[in-house]
Amino acid sequence: MFTPLEGRSVIVTGGSYGIGKGIARVFARAGANVLLAARDETRLAEAAHDIGAEGKGRVATVAANVAHVAGCRRIAEAAVAEFGGIDVLCANAGIYPKTSLADLTEDEVDEVFAVNVKGTMFMLQACLPALEAGGHGRVVLTSSITGPITGDPGWSHYGASKAAQLGFLRTAAIELAPRRITVNAVLPGNIATEGLADLGDDYRKGMEAAIPQRRLGEVADIGYAALFLATDEAGYITGQTIVVDGGQVLPESTAALEGL
Ligand code: NAP
């Protein structure tokens with residue numbers, strides 16, 4: 001039903017584990033050539049081996065830090081060198097250290113904004129010429145329900161960064177529309193990843209209790225939403241968001257979940 005993505009060139013930042021690896025696996029299964037970008041070379045190599053073993057497309061890696069413009073440019077250049085262009089950018093790399101507002105430091109805020117916001121903006125900027133040259137550029141940001149829709153104590157800086165991504169997205173979508181590039185975002189709820197596991201069992205159990213489906217999401221759930229937004233058939237959708245959260249943002253009160 002959808003035009004196959006076989007042979008398309010896809011960048012996934014934060015592709016070595018967590019949601020990014022899930023997104024990369026979904027695109028590789030769809031036959032796309034996928035470039036995984038992250039900082040740790042060993043984990044990148046493991047992910048490439050894992051995904052490459054079952055995907056139909058080629059898998060390549062580049063070690064780079066999206067917090068720096070030079071890192072973003074290195075990632076875009078690697079995709080062009082490996083696959084001859086860029087059709088899809090999944091700007092997914094992000095960090096979510098927990099610190100209460102009273103304890104926040106300038107360095108912590110700078111780091112979260114450097115990775116989550118600057119990393120998104122300059123990744124897209126670095127990919128622009130190649131995305132435009134392909135004639136059907138697709139950009140899918142990984143934002144979050146935290147910030148754009150919900151709040152969570154300890155994550156005020158993170159929530160601000162995830163909302164900032166959407167402010168960026170709306171103007172980028174307008175600016176890039178004449179270049180036939182769409183810019184959309186997936187807003188995950190709580191997805192089972194390495195980063196989330198670091199928050200501990202109590203966090204996981206609390207979230208499971210707050211989700212109508214009573215389970216965390218899987219990384220592939222985000223991958224499928226990103227894959228749809230990357231299709232030719234989604235070409236008239238731009239500047240939009242898809243919430244993938246098992247219904248987490250829906251309850252008006254805890255009473256709405258009682259007896260489920
Ligand atoms: P994760 O398990 O911690 O994985 C993070 C990935 O990003 C890794 O590949 C990591 O590799 C890479 N990364 C981190 N900092 C980077 C940097 N400066 N430059 C390049 N790569 C970097 O995180 P996750 O849970 O999958 O989250 C991924 C995205 O989804 C984030 O944007 C996050 O805000 C969003 N999200 C997650 C959830 C959730 O429930 N998990 C919910 C809502 C939104 P290296 O450390 O080797 O660089």
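Here the structure is a predicted model, which is why all the values come from computation and not from measurement. Reckoned from all heavy atoms, side chains included, excluding hydrogens, waters and symmetry mates. Counting convention: from 1, in listed order, for ligands and their atoms alike.
- Note on R25 versus D50: salt bridge recorded, some NZ/NE/NH1/NH2 to OD/OE distance being below 4.0 Å.
- Note on L128 and L89: same hydrophobic cluster, where clusters join Ile, Leu, Val, Met, Phe, Trp and Tyr whose side-chain heavy atoms are under 4.5 Å apart, directly or indirectly.
- For the side chain to side chain contact (heavy atoms under 4.5 Å, CB included) test with K21, the passing option among T193, I51, V219 is I51; the others fail.
- In this structure, G22 has no heavy atom closer than 4.0 Å to ligand 1.
- The pair K98-D198 does not meet the salt-bridge criterion, since no charged nitrogen lies less than 4.0 angstrom from a carboxylate oxygen.
- Using a 4.0 angstrom heavy-atom cutoff, T13 does not count as in contact with ligand 1.
- Atoms of ligand 1 lying under 4.0 Å from at least one heavy atom of D40, given by number and element, are 47 (O).
- Counting heavy atoms under 4.0 Å from ligand 1, residue A64 touches it through the backbone alone.
- Taking a cut-off of under 4.0 Å to the non-hydrogen atoms of N65, the atoms of ligand 1 that pass are 17 (C), 18 (N), 19 (N).
- Considering backbone and side-chain N/O atoms, A38 never comes within less than 3.5 Å of an N/O atom of ligand 1.
- When each atom of ligand 1 is checked for a heavy atom of T142 under 4.0 Å away, the hits are 29 (C), 30 (O), 32 (O), 35 (C).
- Applying the 4.0 Å criterion to heavy atoms of V115 picks out, from ligand 1, the atoms 18 (N).
- By heavy-atom distance, the residue among W155, Y158, Y96 lying nearest atom 36 (N) of ligand 1 is Y158.
- Close approach to N190 involves these atoms of ligand 1, each under 4.0 Å from a residue heavy atom: 40 (O).
- Of the N or O atoms in G195, one or more lie within a sub-3.5 Å distance of an N or O in ligand 1.
- When only interatomic distances are considered, the shortest N/O to N/O separation between G18 and ligand 1 does not fall below 3.5 Å.
- With a 4.0 Å cut-off on non-hydrogen atoms, V66 touches ligand 1 through its backbone as well as its side chain.
- The proximity of N92 to ligand 1, defined as any non-hydrogen pair under 4.0 Å, involves the side chain as well as the backbone.
- Not one N or O of A67 is nearer than 3.5 Å to an N or O of ligand 1, by distance alone.
- Looking at N184, L131, T182 one by one, the single match for side chain to side chain contact (heavy atoms under 4.5 Å, CB included) with V139 turns out to be L131.
- Of all atoms in ligand 1, numbered sequentially from 1 with element shown, those under 4.0 Å from a heavy atom of T193 are 2 (O), 24 (P), 25 (O), 26 (O), 41 (N).
- Looking at atom 48 (O) of ligand 1, its nearest protein heavy atom turns out to be R39 NE, 2.7 Å.
- In this structure, E194 has a heavy atom closer than 4.0 Å to ligand 1.
- Under 4.0 Å from ligand 1, the heavy atoms of K162 that appear belong solely to its side chain.
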